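Here's the structure we're looking at; comments come further down.
These numbers come from the heavy atoms of this one structure, side chains and all, not from hydrogens, waters or symmetry mates. A, B, ... follow the sequence lines: proteins, then strands. Residue 1 opens every chain. Small disclaimer: the values here were computed from a predicted structure and weren't measured.
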There are 2 protein chains.
Amino acid sequence: MRNKPATIKEISQLLKISVSTVSRALHDHPSIGLTTRQKVRKLADELNYEPNQTAIFLQQGRTLTIGVILPELSESFFSSAISAIEDTAYKRNYTVLLAQSHDDEHIEKQLVEKMKNHRVDGLLVSVGKNTSSYQHFENLKKYNIPVVFFDRIPAMQNIHYVACNMEIGTIEAVSYLLKKGHRSIGMINGPATLFASGERKEGYIKAMTKNRLKFDPSLIVPCDLTEEGTKAAMNELLASKRKPTAVVTFNDYVALFAIKHATDLKIAVNKDLEFVSYANLPLINYMESIPSASVEQFPYLQGQKAADILLDLLWHKHQGVDEQTAYYKIIIESQLIENNRTDAGRSK
Amino acid sequence: MRNKPATIKEISQLLKISVSTVSRALHDHPSIGLTTRQKVRKLADELNYEPNQTAIFLQQGRTLTIGVILPELSESFFSSAISAIEDTAYKRNYTVLLAQSHDDEHIEKQLVEKMKNHRVDGLLVSVGKNTSSYQHFENLKKYNIPVVFFDRIPAMQNIHYVACNMEIGTIEAVSYLLKKGHRSIGMINGPATLFASGERKEGYIKAMTKNRLKFDPSLIVPCDLTEEGTKAAMNELLASKRKPTAVVTFNDYVALFAIKHATDLKIAVNKDLEFVSYANLPLINYMESIPSASVEQFPYLQGQKAADILLDLLWHKHQGVDEQTAYYKIIIESQLIENNRTDAGRSK
DNA sequence: TTTTATTACGCAAACGTTTGCATAAACTCG
DNA sequence: CGAGTTTATGCAAACGTTTGCGTAATAAAA
């Protein structure tokens, strides 16, 4: 066996028939006689023929490939999403071209360019947190390459996206704590620049007003998400007049820092001070001192929905449906999950 | 602007010159006059010309793409590896085509086939744990598509691979415990079918003999890696005649199960019973009760090395170097890392 | 038998590039 | 000023497919 894969042309020559006949035979085209069809099949098998997709891509103008650009592949949230995307793509016979931007706008731009060159049929993107200009995404529209954003959505008009609204989850979280009798609930929030911080704050406030309680702004302290910042935020909360008996933290990392700090201060976690967080980490289930509940953001689901939407768009495009002007805007509501360890694998 | 990307042909028509001239001009070929070169550049910019890679791929017979097939994308070990692979590929201008087998041999086969169709230049594979036949990989050799395996290596001859040897790390782990004064050290190992279990066992034995201590086989108990199995194993160890004062566990999951069980039994973790594990989980750093040390398996490094090797192979192949008969067999030695939480990000 | 369908296949263009070779024009030099 | 050299460009094939259209050969209908 030679090292170059067999081609249709070779088959056609060996069989002394035309390439078009071979091509059609391999596609079970009705206009090809049974005998030739069988001959072709047989020889193709013997030669281990495999269609050269790059040639087909060129011919058909599509690659059955979707590009995925994410900030950081090793983050648990994104790797869950990727897993979902790959699963969905696989089911519909698409392949995934993957790249990470490391939250660097310049790299992100390059990657979009590269994906365009590779002629991916569509793109799935979670925008880097430093990205401020969205021109590179606008360009894609001109070329009619569909893009679906998820989780981190750019501030653009007329885009498709899937995102998780933290507000409801936050309301649930705060209500959960209120129901358990807490009357002074602290929140360690993220930096004010993040959209997600706003949602959490809104949720907190709504939960309070819904329960006819006064909202004390000093109980929400921002934090830069580092261990130091978390400690500082904790100290601020603990020094507060209305010393909280429960804390909602921006994410699991912050929660762990806070819990650690509380433990150091001899505070009995979830007794003297109860914690609720947002689920970023897969194995919170395995740990001892963990938030008593978490707001789930459904990374797998987000990835899956985003991929589904993109593949639908591609399908319609391929069917020649006119430029459609409707935009998918899917909001997944976050949801509070109590952390009794018996329910496994909630993120999937 | 129209929605179809500009082509070289269009440029050539507008400028009334031949396509070859345009092509060369865009590549700064020396034989093209300065004026035409500039004209071409200008128009190309105006039209937002982007070379169609699929056409180039077809023409050049290579895709600057590497395929990556892994068992499970959402597992922390693999997502670190992926991240490394993408980083390395990006640096050398390659792109990553990604797929997961879910440890299913049949899917794995299909994926190999798909990658072959897509004409990836090379393949990076971590074999599914149920895969028993390696014919699909053998086929790749015939087509001269280089494959580099990592972490989970198939039992094949003449392959390139990168793997992590757990033996040294285990020796270090056991020696570490011995040095701390422990004389009865238990091990919760994985199922005997796993290659990795063997390495751990060997390491354990070597550490004992090296320190002129008697090896007590009853102190190594296998386990199916579930929570139940871990409990059972722990109980067996605790009931043993020479009740261990320290335990080495197969991985972090097992460690967490074991620690949880120990805590339930009111055993003071790392005081009455010290734990050492293997690093699978990224955030062991954030937790309170954790193994006092971990054997690091360097997922990022493994991914990086594997990608480097593959890209080197591709480079040589592209340079037309003859079929080389040497095979890369890289063994990364695992290494014991003490878990004082101040050193961050050790897996990267 | 002639006409009309039907069946089975081939021709050639098209997808967008790259590149070896040929060639026309301009320039150099003795 | 003609021969040789350089400079700048074009032609056409090739990469491996798919597919519209044309056309023989055969079969069915008139």
Side-chain angles (χ1 to χ4, degrees), chain A residues 2-41 43-44 47-65 116-121 143 318 320, chain B residues 2-41 43-44 47-65 116-121 143 318 320:
Chain A
R2 63 219 168 309
N3 52 8
K4 281 293 163 201
T7 72
I8 277 194
K9 196 190 288 182
E10 288 170 12
I11 297 183
S12 80
Q13 284 166 350
L14 289 172
L15 256 39
K16 302 199 191 310
I17 57 181
S18 78
V19 287
S20 43
T21 303
V22 176
S23 172
R24 284 190 251 259
L26 291 172
H27 286 78
D28 283 322
H29 192 284
S31 83
I32 300 298
L34 183 63
T35 52
T36 33
R37 199 179 314 185
Q38 287 173 335
K39 269 196 308 190
V40 170
R41 281 226 171 291
L43 185 57
L47 295 181
N48 271 304
Y49 169 76
E50 314 246 5
N52 183 333
Q53 290 289 31
T54 65
I56 300 179
F57 295 158
L58 175 59
Q59 220 280 135
Q60 313 246 310
R62 51 182 232 159
T63 57
L64 292 178
T65 299
K116 217 189 321 178
N117 284 350
H118 272 257
R119 293 298 194 267
V120 296
D121 290 344
Y143 293 114
H318 186 235
Chain B
R2 62 221 170 309
N3 52 10
K4 280 295 160 200
T7 73
I8 276 194
K9 196 189 287 182
E10 287 169 13
I11 298 183
S12 80
Q13 284 167 349
L14 288 172
L15 257 37
K16 302 202 189 307
I17 56 180
S18 77
V19 288
S20 42
T21 303
V22 176
S23 173
R24 282 191 253 257
L26 291 171
H27 286 79
D28 284 322
H29 192 283
S31 82
I32 299 298
L34 184 62
T35 53
T36 33
R37 200 180 310 184
Q38 287 173 335
K39 270 196 307 186
V40 170
R41 280 227 171 289
L43 186 57
L47 295 180
N48 271 304
Y49 169 77
E50 313 247 5
N52 184 331
Q53 290 288 30
T54 64
I56 299 180
F57 295 158
L58 175 59
Q59 219 283 136
Q60 313 247 306
R62 53 182 225 155
T63 57
L64 293 178
T65 299
K116 217 189 321 179
N117 284 351
H118 272 255
R119 293 299 195 265
V120 295
D121 290 343
Y143 293 114
H318 185 235

Item to check | B:Thr63 side chain vs B:Arg119 backbone, donor-acceptor pair below 3.5 Å | outcome: yes
Item to check | Positive for side-chain contact (heavy atoms from CB on, under 4.5 Å) with B:Tyr49, one of B:Leu43, B:Val22, B:Leu26, B:Val40 | outcome: B:Leu26
Checklist entry - So, does A:Arg24 use its side chain to make a donor-acceptor pair with the main chain of A:His29 at under 3.5 Å? => result no
Next on the checklist: Working to the nearest 0.5 angstrom, can you tell me the gap between A:Leu58 CG and B:Asn52 CG?
Outcome noted: 6.5 Å
Checklist entry - Considering heavy-atom distances to DNA chain D, does B:Gln59 or A:Ser23 have its closest nucleotide positioned more toward the 5' end? => result B:Gln59
Checklist entry - Quick one: OG1 on A:Thr35 to NZ on A:Lys39, what's the gap to the nearest 0.5 Å? => result 6.0 Å
Checklist entry - What does A:Gln53 touch in the nucleic acid at a heavy-atom separation under 4.0 angstrom: a base, only the sugar-phosphate, or nothing? => result nothing
Item to check | Side-chain touch B:Arg41/B:Asp28, heavy atoms, less than 4.5 angstrom | outcome: yes
Checklist entry - Heavy atoms under 4.0 Å, any strand shown: does A:Ile56 hit a base, just sugar-phosphate, or nothing? => result sugar-phosphate
Checklist entry - To the nearest 10 degrees, what angle separates the axes at the start and end of the helix from C:dT1-D:dA30 to C:dG30-D:dC1, five pairs each? => result 60°
Next on the checklist: I'd like to know if the side chain of A:Arg37 and the backbone of A:Ile32 have a donor-acceptor N/O pair within less than 3.5 Å.
Outcome noted: yes
Checklist entry - Is a donor on one side and an acceptor on the other found under 3.5 Å between the side chain of B:His118 and the backbone of B:Val120? => result no
Item to check | Reported CG-to-CD distance for the pair B:Asn117 and A:Glu50, which is rounded to 0.5 angstrom | outcome: 5.0 Å
Checklist entry - Yes or no on side chain to side chain contact (heavy atoms under 4.5 Å, CB included) for A:Leu14 and A:Leu47, after CA distance, side-chain angles and deciding distance? => result CA-CA 11 Å; A:Leu14 289 172; A:Leu47 295 181; 4.0 Å; yes
Between protein and nucleotides 8-11 of chain C, what N or O pairs are separated by less than 3.5 Å?
residue : atom : partner : partner atom : Å
C:dC9   : OP1  : A:Thr36 : OG1          : 3.2
C:dC9   : OP2  : A:Gly33 : N            : 2.5
C:dC9   : OP2  : A:Thr36 : OG1          : 2.6
C:dG10  : OP1  : A:Ser18 : N            : 3.4
C:dG10  : OP2  : A:Ser18 : N            : 2.9
C:dG10  : OP2  : A:Ser18 : OG           : 3.0
C:dG10  : OP2  : A:Thr21 : OG1          : 2.3
C:dG10  : O6   : A:Arg24 : NH2          : 2.7
C:dC11  : N4   : A:Ser20 : OG           : 2.9

Checklist entry - Can you pull the contact range of chain A along DNA chain D, 5' to 3', using atoms under 4.0 angstrom from its heavy atoms? => result D:dC15 to D:dG20
Next on the checklist: Need one value for A:Ile8: base, sugar-phosphate or nothing, where a base atom within 4.0 Å counts as base even if backbone is also close, heavy atoms only.
Outcome noted: sugar-phosphate
